[in-house]
A.B. asks: 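Below: one structure in structure tokens.
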Amino acid sequence: RSLEMLRKRIQASVSKASASSQWTEFGTTLLDYWTAVDGVIEGLRTFDGAAEAYDDASLFLRAFGHGVVAWLWLDQALAGERQSNTALRDGLAYACRFFFESELPQARAWLSVSGKNPPRGLENGAVIWTIRRRLRCCSVRTRFARRWHRSSNRATDRRSDRYPRG
């Protein structure tokens, strides 16, 4: 139900944008983006296992949030057209253009990844090997940090005293 309310508000902003020649392209871009979001949502509803649907949840949430922010910037830019302050109007227009040209394509890439759920390609042995290697690297770093911390007062603690040759 809340997603339907959001769609209606986005559609209202897109119809306002289509009335303005400056914002028509941004309105259609936003509508195309939300059509892609709807497609991903429908695709995620078809997964049988709940774990598969949540595999790329952080990417989907990030992309969804960017879609909402794009809608808000378009709405602000449309409201800014009625402003008499030209600096405010130009600033809102610039921010909206910037977001649509630089941030929304990145969000579209996140969206394309989150809907596919590709096979991970790692067998259990490879995953365990990767985890062990990471832990080993972390433990080496931790031992080095502890050793360095103990020997931080180098005037009194010399390496030759701690590690006698012999």
Side-chain angles (χ1 to χ4, degrees), residues 1-138 141-142:
R1 177 178 154 106
S2 57
L3 194 58
E4 272 304 313
M5 291 172 55
L6 179 64
R7 284 186 195 132
K8 287 179 184 176
R9 295 195 60 185
I10 289 172
Q11 185 60 44
S13 295
V14 167
S15 63
K16 286 181 196 173
S18 64
S20 171
S21 62
Q22 181 182 6
W23 301 109
T24 304
E25 178 186 350
F26 295 101
T28 56
T29 302
L30 186 64
L31 199 57
D32 291 344
Y33 183 81
W34 280 100
T35 303
V37 169
D38 290 339
V40 170
I41 290 172
E42 290 304 315
L44 290 174
R45 287 181 180 162
T46 62
F47 283 127
D48 293 334
E52 291 176 349
Y54 295 120
D55 276 349
D56 297 314
S58 60
L59 286 177
F60 176 72
L61 289 175
R62 200 179 293 172
F64 190 89
H66 270 63
V68 171
V69 172
W71 162 61
L72 291 173
W73 275 121
L74 181 63
D75 213 28
Q76 288 293 313
L78 291 170
E81 284 187 333
R82 297 187 301 263
Q83 296 293 324
S84 60
N85 186 349
T86 58
L88 176 65
R89 183 176 57 236
D90 293 344
L92 288 172
Y94 182 79
C96 181
R97 277 192 209 98
F98 171 79
F99 196 85
F100 271 80
E101 292 171 0
S102 65
E103 294 292 323
L104 206 57
Q106 182 179 2
R108 189 175 284 277
W110 295 331
L111 198 61
S112 67
V113 169
S114 64
K116 301 270 193 282
N117 195 8
R120 298 298 175 219
L122 290 176
E123 299 298 322
N124 288 337
V127 171
I128 291 171
W129 180 82
T130 305
I131 291 171
R132 283 184 183 160
R133 182 166 183 201
R134 286 295 202 127
L135 289 175
R136 187 175 64 225
C137 290
C138 291
R141 281 188 224 133
T142 305

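Residue numbers count from 1 along this sequence. Because the structure is predicted, anything quoted here is derived from the model rather than measured.
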A.B. asks: Could you tell me the separation between the CD atom of Gln11 and the CD atom of Glu4, rounded to the nearest 0.5 Å?
C.D. replies: 11.0 Å
A.B. asks: Minimum heavy-atom separation for Gln22 and Ala93, please, with both atom names.
C.D. replies: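 Distance-wise, the nearest heavy atoms are NE2-CB, 4.4 Å.
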A.B. asks: For the CD atom of Gln76 and the CG atom of Leu88, what is their distance to the nearest 0.5 Å?
C.D. replies: 8.5 Å
A.B. asks: For Leu3 and Ile41, which heavy atoms make the closest approach, and how far apart are they?
C.D. replies: CD2-CD1, 3.6 Å
A.B. asks: For a ring-ring contact (aromatic ring centres under 6.0 Å, His included) with Phe26, tell me which candidate from Trp71, Phe99, Phe100 qualifies.
C.D. replies: Phe100
A.B. asks: Taking the inter-plane angle between the rings of Phe64 and Phe60 on a 0 to 90° scale, is it parallel (under 30°), tilted (30 to 60°) or perpendicular (over 60°)?
C.D. replies: tilted
A.B. asks: Looking at OG1 of Thr35 and CG of Leu30, how far apart are the two atoms once the value is rounded to the nearest 0.5 Å?
C.D. replies: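 Reported value, rounded in 0.5 Å steps: 9.5 Å.
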A.B. asks: Just wondering, do Gln106 and His66 contact through their side chains at under 4.5 Å, heavy atoms?
C.D. replies: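 Of all side-chain heavy-atom pairs linking Gln106 with His66, none is under 4.5 Å.
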A.B. asks: Do you know the tightest heavy-atom contact between Cys96 and Ala77?
C.D. replies: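 Distance-wise, the nearest heavy atoms are CB-CB, 3.9 Å.
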A.B. asks: Under 3.5 Å, side chain of Ser112 to main-chain N/O of Ala109, donor-acceptor pair present?
C.D. replies: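 Answer holds: yes.
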A.B. asks: Answer yes or no: is there an ion pair linking Arg7 with Asp38, defined by an N-O contact shorter than 4.0 Å?
C.D. replies: yes
A.B. asks: For a quick test of reading the model, state the closest non-hydrogen atom pair linking Thr28 to Glu25 and the distance between them.
C.D. replies: OG1-O, 2.8 Å
A.B. asks: Val68 versus Trp34: any side-chain heavy-atom pair under 4.5 Å?
C.D. replies: yes
A.B. asks: Are any non-hydrogen side-chain atoms of Tyr33 and Ile10 less than 4.5 angstrom apart?
C.D. replies: no
A.B. asks: What's the spacing between Ser13 OG and Trp73 CH2 if we round to 0.5 Å?
C.D. replies: 14.0 Å
A.B. asks: Distance check, rounded to the nearest 0.5 Å: Glu81 atom CD versus Leu92 atom CG?
C.D. replies: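 These two atoms lie 10.5 Å from each other.
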